[in-house]
Amino acid sequence: NAAQSEEMLQEMAAKGFDIHQIIKDAASLNWALIIPAFIIFFLGGYFIYASLFAAVGSAVGEDMGEAQQFMLPISIPVIAAFIMIPAVIDNNDSFFVKFVSMFPLTSPILMPARLPSGPPIWEVILSIVILIASVVFFIWMAGRIYRVGIFMHGKKISAKELYKWIRY
């Protein structure tokens, strides 16, 4: 009921949690930039990582041990990006934060985390351009690996062999 809701709000305000201020802060965000940029970064990250996982899937046979050696280098940037989110939110203007929000393997996670604190629009646009160029590159690279790897069953592959397939 209304009395219990008001009592809960007063208790939360006493603990430093002011719901009215949170609503005001959320209403003051630039949602016209945040929502489309989030969608672009989500799709860009999806296509980058989907192409990388497709390349690994086409390069290995039925042996899961082979796939695991290539999965770790793909997973590390995602894990590192999630670990860096508090640093990105706390220190929005450092060189490191700007770099990792432009780096294509971490930008789909870290640039949307920076958007509420209002980074310069040129950094957001540059990050999107780098992300789109990287999507094209990773899809092209995965296609090259897929073209050779899908027919190479029974052969154990290495990173050096994958590099040969990309150049083939």
**Q.** Distance (rounded to the nearest 0.5 Å) between Tyr146 OH and Ser51 OG
**A.** 14.0 Å

Q. Around Tyr49, counting heavy atoms of other residues, nucleotides and ligands shown, do more than 12 lie under 6.0 Å from its OH?
A. yes

Q. Can you list the steps and then say if Ile48 with Ile139 is a side chain to side chain contact (heavy atoms under 4.5 Å, CB included)?
A. CA-CA 7 Å; Ile48 283 178; Ile139 290 173; over 6 Å; no

Q | Nearest-0.5 Å distance, CG of residue Leu43 to CG of residue Leu131 | A | 9.5 Å

(Q) Quick check for you: to the nearest 0.5 Å, what is the distance between Asn91 atom CG and Phe96 atom CZ? (A) 10.5 Å

Q) How long is the gap from CZ on Phe38 to CG on Leu115, to the nearest 0.5 Å? A) 10.0 Å

Give the table of side-chain donor-acceptor pairs shorter than 3.5 Å for residues 101-110, with sequence neighbours excluded, one pair per line with atom names and distance.
| from | atom 1 | to | atom 2 | distance (Å) |
| --- | --- | --- | --- | --- |
| Ser101 | OG | Val97 | O | 3.0 |
| Ser101 | OG | Lys98 | O | 3.0 |
| Ser101 | OG | Arg114 | NH1 | 2.8 |
| Thr106 | OG1 | Val100 | O | 2.6 |
| Thr106 | OG1 | Phe103 | O | 3.4 |
| Ser107 | OG | Phe103 | O | 3.4 |

Q. Is there a path of hydrophobic side-chain contacts, each under 4.5 Å between heavy atoms of I, L, V, M, F, W or Y residues, that connects Tyr46 with Ile130?
A. no

Expected list for residues 75-88: side-chain donor-acceptor pairs under 3.5 angstrom, two or more places apart:
| from | atom 1 | to | atom 2 | distance (Å) |
| --- | --- | --- | --- | --- |
| Ser75 | OG | Met71 | O | 3.0 |

Q) Sequence neighbours excluded, which residues qualify as side chain to side chain donor-acceptor pair (under 3.5 Å) partners of Ser117? A) Asn92

**Q.** Co-membership, hydrophobic cluster, residues Ile128 and Phe99, 4.5 Å side-chain
**A.** yes

(Q) With heavy-atom distances below 4.5 Å as the criterion, would you say the side chains of Ile145 and Val56 are in contact? (A) no

(Q) Using the rule that Ile, Leu, Val, Met, Phe, Trp and Tyr join whenever any side-chain heavy atoms are under 4.5 Å apart, tell me whether Phe42 and Val135 fall into a single cluster. (A) yes

Q.
Distance check, rounded to the nearest 0.5 Å: Ile125 atom CD1 versus Leu33 atom CG?
A. 8.5 Å

**Q.** Check: Glu123 main-chain N/O paired with Ser127 side-chain donor or acceptor under 3.5 Å
**A.** no

Q: Mind checking the CZ-CD1 spacing from Phe47 to Ile132? Nearest 0.5 Å is all I need.
A: 11.0 Å

